[in-house]
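Structure, as structure tokens:
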Amino acid sequence: MLDIKLIRKNPEFVKERLSKRDPVYGKMIDEILDVDEERRSLIRELEDLKAEKNRLSKQIGQLFREGKKEEAEKVKEQVHGKNKKIEILEKELKSVEERFESLLLTIPNIPHETVPVGKDEEDNVEIRKWGEPRQFDFEPLPHWEIGEKLGILDFERGAKLSGSRFTVMYREAARLERALINFMLDVHAKEHGYTEVWTPVLVKPEILTGTGQLPKFEEDLYRVCDEDLYLLPTAEVSLTNLHAGEILSEEKLPIYYTAYTPCFRREAGSHGKDVRGILRQHQFDKVELVKIVKPEESYNELENLVKEAEKILQLLEIPYRVVELCTGDLGFSAAKTYDIEVWIPSQNRYREISSCSNTEDFQARRAKIRYRDKDGKIHFVHTLNGSGLAVGRTLLAIMENYQKADGSFDIPDVLKDYM
RNA sequence: GGAGAGGUGGCCGAGUGGUCGAAGGCGGCUCCCUGCUAAGGAGUUGAGCGGGUUUUCCCCGCUCCGAGGGUUCGAAUCCCUCCCUCUCCGCCA
């Protein structure tokens with residue numbers, strides 16, 4: 001959520017920045033300014049009335065104590081009149097505030113000034129590469145062929161149980177999935193100073209509003225019928241919201257959390273994309289990294305966050321590159337995002353395996369996460385999140401990059417103790 | 001799921017219709033005292049929003065005692081609904 005005071009004070013700046021995502025946001029800013037004006041004038045009117053009413057009510061109490069019943073009754077009549085007006089104005093204000101809220105909640109974050117301007121994925125900027133894609137002396141197979149031949153990935157039965165984009169894994173694949181989770185958690189907890197967390201995977205709607213998935217992206221989520229709960233699309237949601245509504249003391253910051261959770265996404269709008277294999281599933285495992293930090297530290301923390309996620313691929317010895325997302329490809333809540341893309345031999349290109357973002361105070365404002373500084377002043381924190389990493393995609397990257405001519409694949413050395 | 005108890009500020013905890021944004025304590029901050037430390041004394045200390053001034057400081061007002069409704073001139077306090085926590089029972093991995 002953007003700061004309405006910033007929008008009010010500097011609408012041209014906000015419009016200019018948001019237009020780099022998409023030109024439509026200019027109109028939304030104009031609209032919200034109108035609604036804000038309406039809202040504030042109603043508040044002013046209403047507060048004056050309430051102040052007067054409160055004065056009169058106190059008078060009534062006073063008059064009763066002095067035994068002046070008749071006078072008190074007269075004042076009561078006056079209050080009745082005020083109350084009628086207040087009731088009407090309150091209804092009006094309520095509907096204006098609803099409009100105001102829903103507008104403010106659907107405006108995306110302002111891209112950081114360093115974010116490259118661009119339209120879509122094509123305009124993302126490569127920052128660095130690590131490792132050399134392996135030269136195969138045979139035609140490398142896609143992971144689904146390797147997996148089916150070995151009998152460890154079962155797409156048919158996944159579909160039987162749950163439909164498309166669900167998979168069953170057996171033996172080495174199931175085991176590797178579990179090994180990767182433990183390996184990633186250990187690296188982040190033991191080497192990078194993260195606190196390991198385990199969270200619910202069913203969360204309330206206000207929690208998803210806090211991190212920005214709701215109200216705008218309801219169609220991407222699974223909702224539990226008969227209960228007002230949603231399946232977690234990423235542990236970013238539960239980890240970031242752990243401190244929703246709290247005022248943290250400065251000494252607690254920075255906070256680093258890591259968690260493994262399954263993630264559930266409906267993938268509405270991605271029909272026909274990546275239909276084969278386990279790249280894009282409705283249910284997948286992810287180890288997530290979340291940082292809650294002081295504003296002045298957040299960009300430095302973002303750089304570290306990316307490096308911490310990269311470390312996993314380095315230890316697994318799989319080639320990857322880091323790209324910076326352009327304004328047009330930036331997610332709703334993010335001010336700046338780096339994606340880590342892993343090398344996929346069968347596709348002869350890099351594919352996203354991690355997304356690391358600084359949302360600045362965008363989520364903190366929604367979730368009301370603040371801290372008190374040494375002078376007792378209260379500020380919003382900055383929140384960051386990143387995949388560290390997507391486990392299923394890591395698994396398929398291992399299968400493909402470590403595949404052998406005989407149709408089997410090796411396990412990276414660093415995982416051997418985990419298998 | 002059933003019965004009972006309860007949800008108040010950073011924390012603990014009092015408050016059953018007006019003088020309550022809320023006693024008292026702890027913690028925090030400021031000052032005093034004291035070679036240092038500890039102890040002691042005095043004061044101060046909630047958030048959000050709107051407005052005035054508009055960098056800061058400050059001033060005025062509104063709202064907030066789990067959430068939402070209701071009664072009343074007036075609600076932390078009375079009534080209703082919901083959520084959550086605890087105890088006991090039931091069920092259960």
Side-chain angles (χ1 to χ4, degrees), chain A residues 1-10 13 32-101 103-105 198-210 224 226-230 238 241-253 255 262 292 295 361 364-381:
Chain A
M1 187 161 68
L2 298 183
D3 184 1
I4 185 61
K5 286 178 190 153
L6 173 71
I7 299 176
R8 219 184 272 155
K9 210 167 170 179
N10 213 337
F13 164 79
I32 198 158
L33 283 170
D34 286 346
V35 178
D36 180 51
E37 191 49 54
E38 199 182 342
R39 171 182 153 263
R40 282 189 298 153
S41 93
L42 277 170
I43 288 173
R44 254 171 280 160
E45 206 179 332
L46 200 55
E47 285 187 351
D48 286 347
L49 275 168
K50 283 184 177 172
E52 183 59 18
K53 169 194 163 166
N54 289 344
R55 262 196 296 281
L56 293 173
S57 285
K58 275 187 188 154
Q59 246 181 57
I60 292 170
Q62 188 63 31
L63 288 170
F64 269 118
R65 257 170 278 140
E66 289 167 7
K68 298 174 181 168
K69 277 199 173 168
E70 276 170 39
E71 275 181 62
E73 289 302 327
K74 268 187 218 161
V75 182
K76 272 194 194 180
E77 284 308 307
Q78 287 184 54
V79 178
H80 273 300
K82 303 266 177 225
N83 274 344
K84 271 180 202 150
K85 277 189 209 158
I86 288 172
E87 200 182 333
I88 293 165
L89 284 178
E90 272 186 338
K91 259 186 205 154
E92 225 174 298
L93 179 63
K94 198 179 168 190
S95 85
V96 171
E97 293 226 288
E98 272 167 20
R99 212 144 51 88
F100 177 75
E101 277 284 297
L103 268 169
L104 202 55
L105 286 174
W198 185 92
T199 79
V201 296
L202 285 171
V203 292
K204 298 176 187 175
E206 61 263 34
I207 297 307
L208 288 152
T209 304
V224 176
D226 300 330
E227 295 237 28
D228 212 4
L229 291 172
Y230 294 80
S238 49
N241 279 289
L242 283 175
H243 297 291
E246 295 182 15
I247 300 174
L248 303 159
S249 61
E250 190 172 358
E251 308 88 75
K252 280 200 171 171
L253 302 177
I255 293 171
I292 299 174
D361 64 5
R365 234 171 245 292
R366 292 176 159 244
K368 298 189 180 61
I369 311 170
R370 293 169 291 176
Y371 78 99
R372 196 185 299 275
D373 70 19
K374 290 190 185 78
D375 300 325
K377 290 223 171 72
I378 290 169
H379 312 273
F380 285 109
V381 299

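When reading the values below, keep in mind they use all heavy atoms of this one structure, side chains included, and skip hydrogens, waters and symmetry mates. Throughout, a chain's letter reflects where its sequence line sits, starting with A, and its residues are numbered from 1.
Residue A:D36 is the one, among A:N83 and A:D36, whose nearest nucleotide of RNA chain B lies closer to the 5' end (criterion: closest heavy atom).
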- Taking it one step at a time, do A:E47 and A:K50 satisfy salt bridge (Lys or Arg N to Asp or Glu O under 4.0 Å)? CA-CA 5 Å; A:E47 285 187 351; A:K50 283 184 177 172; over 6 Å; no
Item to complete: Dump the intermediate steps for side chain to side chain contact (heavy atoms under 4.5 Å, CB included) on A:E97 and A:I43, then the final yes or no.
Response: CA-CA 10 Å; A:E97 293 226 288; A:I43 288 173; 4.3 Å; yes
Note to self: side chain to side chain contact (heavy atoms under 4.5 Å, CB included), that's the test. Do A:I7 and A:D36 meet it? Break it down for me.
What the structure shows: CA-CA 10 Å; A:I7 299 176; A:D36 180 51; over 6 Å; no
* To do: Given side chain to side chain contact (heavy atoms under 4.5 Å, CB included), test A:L242 with A:I255 step by step and report yes or no.
  => CA-CA 11 Å; A:L242 283 175; A:I255 293 171; over 6 Å; no
Report task. Give the C-alpha distance, both sets of side-chain angles, the deciding distance and a yes or no for side chain to side chain contact (heavy atoms under 4.5 Å, CB included) between A:M1 and A:L105. Result -> CA-CA 6 Å; A:M1 187 161 68; A:L105 286 174; 4.0 Å; yes
Please assess A:R55 against A:E52 for the test salt bridge (Lys or Arg N to Asp or Glu O under 4.0 Å), listing each intermediate value before the final yes or no.
CA-CA 5 Å; A:R55 262 196 296 281; A:E52 183 59 18; 2.7 Å; yes
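When the C1' atom is used for both B:A22 and B:G15, the distance is 8 Å, rounded to whole Å. Nucleotides B:C26 and B:U45, compared at atom C1', are 13 Å apart to the nearest Å. A distance of about 39 Å separates the C1' atoms of B:C49 and B:G41, rounded to the whole Å. Comparing B:C32 with B:C36, their P atoms are spaced 13 Å from each other, to the whole Å. A distance of about 23 Å separates the P atoms of B:G28 and B:A14, rounded to the whole Å. Of the C1' atoms belonging to B:C84 and B:G25, the separation is 27 Å, rounded to the nearest Å. Comparing B:G50 with B:G43, their P atoms are spaced 36 Å from each other, to the whole Å. Across B:A76 and B:C65, the matching P atoms stand 7 Å from one another, rounded to whole Å.
For A:K58, no side-chain nitrogen or oxygen approaches OP1 or OP2 of B:U19 to under 4.0 Å. Contact check, A:N54 against B:U63: a side-chain N or O comes under 4.0 Å of OP1 or OP2. Taking side-chain N and O atoms only, A:R370 has a distance below 4.0 Å to OP1 or OP2 of B:G48.
For B:G40, the paired base is B:C32 (Watson-Crick or G-U wobble, both distances below 3.5 Å). Pair assignment for B:A3: B:U87, on the basis of Watson-Crick or G-U wobble contacts that are both within less than 3.5 Å. For B:G46, the paired nucleotide is B:C64, the pair qualifying as Watson-Crick or G-U wobble because both relevant distances are below 3.5 Å.
For A:I60 and B:A75, the CD1 to C1' distance is 15 Å, given to the nearest whole Å. Rounded to an integer number of Å, the gap from A:E37 CD to B:G51 P is 8 Å. Atom CG of A:L56 and atom C1' of B:G18 are 14 Å apart (whole Å). For the pair A:I207 CD1 and B:C83 C1', the computed distance is 14 Å after rounding to whole Å. Distance A:R55 CZ to B:U19 C1': 18 Å, rounded to the nearest Å. Between the P atom of B:G46 and the NZ atom of A:K377 lies a distance of 14 Å, rounded to the nearest Å. Rounded to an integer number of Å, the gap from A:E77 CD to B:G74 C1' is 15 Å. Rounded to whole Å, atom P of B:C73 lies 18 Å from atom NZ of A:K85.
A:D373 has no carboxylate O lying under 4.0 Å from a charged side-chain N of A:K377, or vice versa, which leaves the two without a salt bridge.
Contacts with RNA chain B (heavy atom under 4.0 Å) in residues 39-52 of chain A: A:R39, A:R40, A:I43, A:R44, A:E47, A:K50, A:A51, listed by number.
The two residues A:N241 and A:A367 come nearest to each other via the heavy atoms OD1-CB, 3.6 Å. Listed here is the closest heavy atom pair of A:V381 and A:R370: CG1-C, 4.0 Å. A:L33 and A:R8 get closest at one heavy-atom pair: CD2-CA, 3.8 Å.
If you check every strand for non-hydrogen atoms under 4.0 Å, A:K82 touches nothing. Counting any heavy atom pair closer than 4.0 Å across all strands shown, A:K5 reaches sugar-phosphate atoms only and no base atom.
Taking every side-chain heavy atom of A:R8 into account, B:G50 is the closest of B:U63, B:G18, B:G50.
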Scoring nucleotides 66-72 of chain B by protein non-hydrogen atoms under 4.0 Å (B base, S sugar-phosphate only, - none) yields -------
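For CD of A:E66, the number of neighbouring non-hydrogen atoms (other residues, nucleotides, ligands) closer than 6.0 Å is greater than 12.
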